[in-house]
Amino acid sequence: MKRLLLASALLLVAGCTTLPQTPPAGMPAQVGAPEVRTGDEWKYSSHDGFTKQPRGAPEYRVTAIEGNAVTVQVRQEGRESTQRYTRDWSWLERPMTNLQNFRYDPPYPALPFPLEAGKTWHAFVNATDPATGRVNRVRIDGKVLGWDRVKVPAGEFDALAVQRVVYAGNPETFLSEERITEIDWYAPGAGGIVKHSSRSGHLDTRGSCPPCNQWIEGNWNVLELVSRTKR
């Protein structure tokens, strides 16, 4: 019951509303995975969802494609890192929201193409921390909320809002596992994600009751597309 209540709270604070289920004019009912090529690049602006303060301008560039594995170089504020995905943008290796880098087996189903309004999915994946070898059992409950008209620095797009509620499987002695809410706005016209929102939190059970089971809020990350380069 506690997990269900927390999931509901995360949905409410994410600002989810009922979105149209019928595609806008010119949009397909089902959206397939985009073609990915070496050299494809996405540039975003990022800000804090609570304060609206800017947090930099991350850039993502496809540097290699080998079989079903896509390698992406990420640049932000002078730092570089590498992430890996499948061709349909399931996660192979990248950080989890507000947490460290993980390798996922099976791949983390972020965008289970084909996408269509109302689609739901549920999955468990093993997330391995390469630094420590620790393996967390992660639960993902996903839903395509519907169609949304999104305005970002790159322009206005008709996009499918794809939501994931995630249980990170990383409890500690006095801390619950991280509960994560992620929403990607995937625009067929842009061939990718034009907006992203992610936030997380956990329960701290230390202390006497009351108060007890204090909810600790993590960062609220928002990314908006600035430009898209297609090779």
Side-chain angles (χ1 to χ4, degrees), residues 23 27-44 58-76 80-97 99-130 135 138-145 147-148 150 152 154 157-166 180 182-198 221 223-231:
M27 291 290 109
Q30 287 192 334
V31 175
E35 182 180 0
V36 184
R37 296 179 180 176
T38 301
D40 286 353
E41 189 174 56
W42 299 261
K43 295 182 179 181
Y44 294 88
E59 301 178 5
Y60 298 77
R61 186 174 186 271
V62 176
T63 57
I65 301 175
E66 299 179 3
N68 192 41
V70 177
T71 301
V72 176
Q73 182 184 53
V74 183
R75 295 181 180 179
Q76 183 170 11
E80 295 189 3
S81 61
T82 299
Q83 300 179 1
R84 297 176 64 248
Y85 301 82
T86 65
R87 283 180 177 266
D88 61 359
W89 294 115
S90 293
W91 303 358
L92 293 173
E93 181 173 359
R94 57 158 286 171
M96 203 178 302
T97 293
L99 296 173
Q100 69 268 38
N101 187 60
F102 291 99
R103 294 172 182 162
Y104 304 96
D105 182 26
Y108 181 116
L111 297 169
F113 294 99
L115 301 174
E116 61 181 314
K119 180 175 183 176
T120 62
W121 71 100
H122 307 279
F124 286 91
V125 302
N126 294 319
T128 301
D129 183 339
V135 180
V138 179
R139 172 183 162 183
I140 303 160
D141 296 332
K143 183 175 183 178
V144 182
L145 300 176
W147 288 92
D148 199 5
V150 181
V152 295
F157 300 90
D158 290 312
L160 280 169
V162 182
Q163 174 186 271
R164 298 178 297 273
V165 177
V166 181
I180 300 167
E182 303 166 335
I183 304 178
D184 288 329
W185 282 263
Y186 183 89
I193 296 168
V194 296
K195 184 176 180 179
H196 167 85
S197 171
S198 59
N221 317 293
L223 275 68
E224 296 181 329
L225 184 68
V226 173
S227 67
R228 164 83 159 94
T229 302
K230 181 70 175 175
R231 301 301 180 185

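Positions are given from 1, in the same order as the sequence printed here.
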Quiz item: Excluding sequence neighbours, so at least two apart, what forms salt bridge (Lys or Arg N to Asp or Glu O under 4.0 Å) with E66?
Solution: none
Please table the atom pairs, donor to acceptor, closer than 3.5 Å between any side-chain atom in residues 116-124 and protein atoms at least two apart or in another chain.
| residue | atom | partner | partner atom | Å |
| --- | --- | --- | --- | --- |
| E116 | OE2 | Q30 | NE2 | 3.0 |
| K119 | NZ | P112 | O | 2.6 |
| K119 | NZ | P114 | O | 2.8 |
| W121 | NE1 | P109 | O | 3.1 |
| H122 | ND1 | D141 | OD1 | 3.0 |

Quiz item: Does I140 reach the side chain of V125, with side-chain heavy atoms less than 4.5 Å apart?
Solution: yes
Quiz item: How would you list, by chain and number, every residue that makes a side-chain contact (heavy atoms from CB on, under 4.5 Å) with P28, sequence neighbours excluded?
Solution: V31
Quiz prompt | Residues that W185 engages under ring pair (Phe, Tyr, Trp, His ring centres under 6.0 Å), provided they are two or more places apart | solution = none
Exercise. Just jot down the ring pair (Phe, Tyr, Trp, His ring centres under 6.0 Å) partners of Y104, sequence neighbours excluded, or say none.
Key: W91, Y108
Exercise. Could I get the full list of side-chain contact (heavy atoms from CB on, under 4.5 Å) partners for T63, not counting sequence neighbours?
Key: R61, T71, Q73
Quiz item: Between A69 and R84, what is the shortest heavy-atom contact and its length?
Solution: CB-NH2, 3.7 Å
Practice problem: Identify, with sequence neighbours excluded, every residue that meets side chain to side chain donor-acceptor pair (under 3.5 Å) alongside E35. | Solution: R37
Practice problem: State, yes or no, whether a side-chain contact exists between E93 and N101 at a heavy-atom distance under 4.5 Å. | Solution: yes
Please tabulate, one pair per line, all N/O donor-acceptor pairs under 3.5 Å involving side-chain atoms of residues 186-196, not counting sequence neighbours.
| residue | atom | partner | partner atom | Å |
| --- | --- | --- | --- | --- |
| H196 | ND1 | D184 | OD1 | 2.6 |
| H196 | NE2 | S198 | OG | 3.0 |

Quiz prompt | Where R87 and G67 come nearest, the two heavy atoms and their spacing | solution = NE-O, 2.8 Å
Quiz item: Closest heavy-atom contact between L225 and S227?
Solution: CD1-O, 3.3 Å
Self-check item: Residues that D158 engages under salt bridge (Lys or Arg N to Asp or Glu O under 4.0 Å), provided they are two or more places apart
Solution: R149
Exercise. Rounded to the nearest 0.5 Å, what's the gap from OG1 on T229 to CG on D40? Could you check?
Key: 8.5 Å
Self-check item: D148 side-chain N/O to A159 backbone N/O, donor-acceptor pair under 3.5 Å
Solution: no
Practice problem: Find the distance between CZ (R228) and CD (E41) and round it off to the nearest 0.5 Å. | Solution: 10.0 Å
Quiz item: Which atoms form the tightest heavy-atom contact between L223 and P58, and what is the distance?
Solution: CD2-CG, 3.9 Å
Quiz item: Under a 4.5 Å cut-off applied to non-hydrogen side-chain atoms, are V166 and T97 in contact?
Solution: no
Self-check item: Contacts of E182 that satisfy salt bridge (Lys or Arg N to Asp or Glu O under 4.0 Å) - sequence neighbours left out
Solution: R164
Exercise. List for me each residue that meets side-chain contact (heavy atoms from CB on, under 4.5 Å) alongside V74, sequence neighbours excluded, and say none if there are none.
Key: Y60, V72, S81, Q83
Practice problem: Tell me, please, which residues at least two apart from W89 pass ring pair (Phe, Tyr, Trp, His ring centres under 6.0 Å). | Solution: W42, Y85
Self-check item: Nearest-0.5 Å distance that lies between atom CG in L111 and atom CG in L160
Solution: 10.0 Å
Quiz item: What are the two closest heavy atoms between P23 and A29, and how far apart are they?
Solution: CG-CA, 3.6 Å
Exercise. Working to the nearest 0.5 Å, report the span between CZ of R103 and CG of D129.
Key: 9.5 Å
Quiz item: Distance from T86 atom OG1 to N68 atom CG, nearest 0.5 Å?
Solution: 5.0 Å
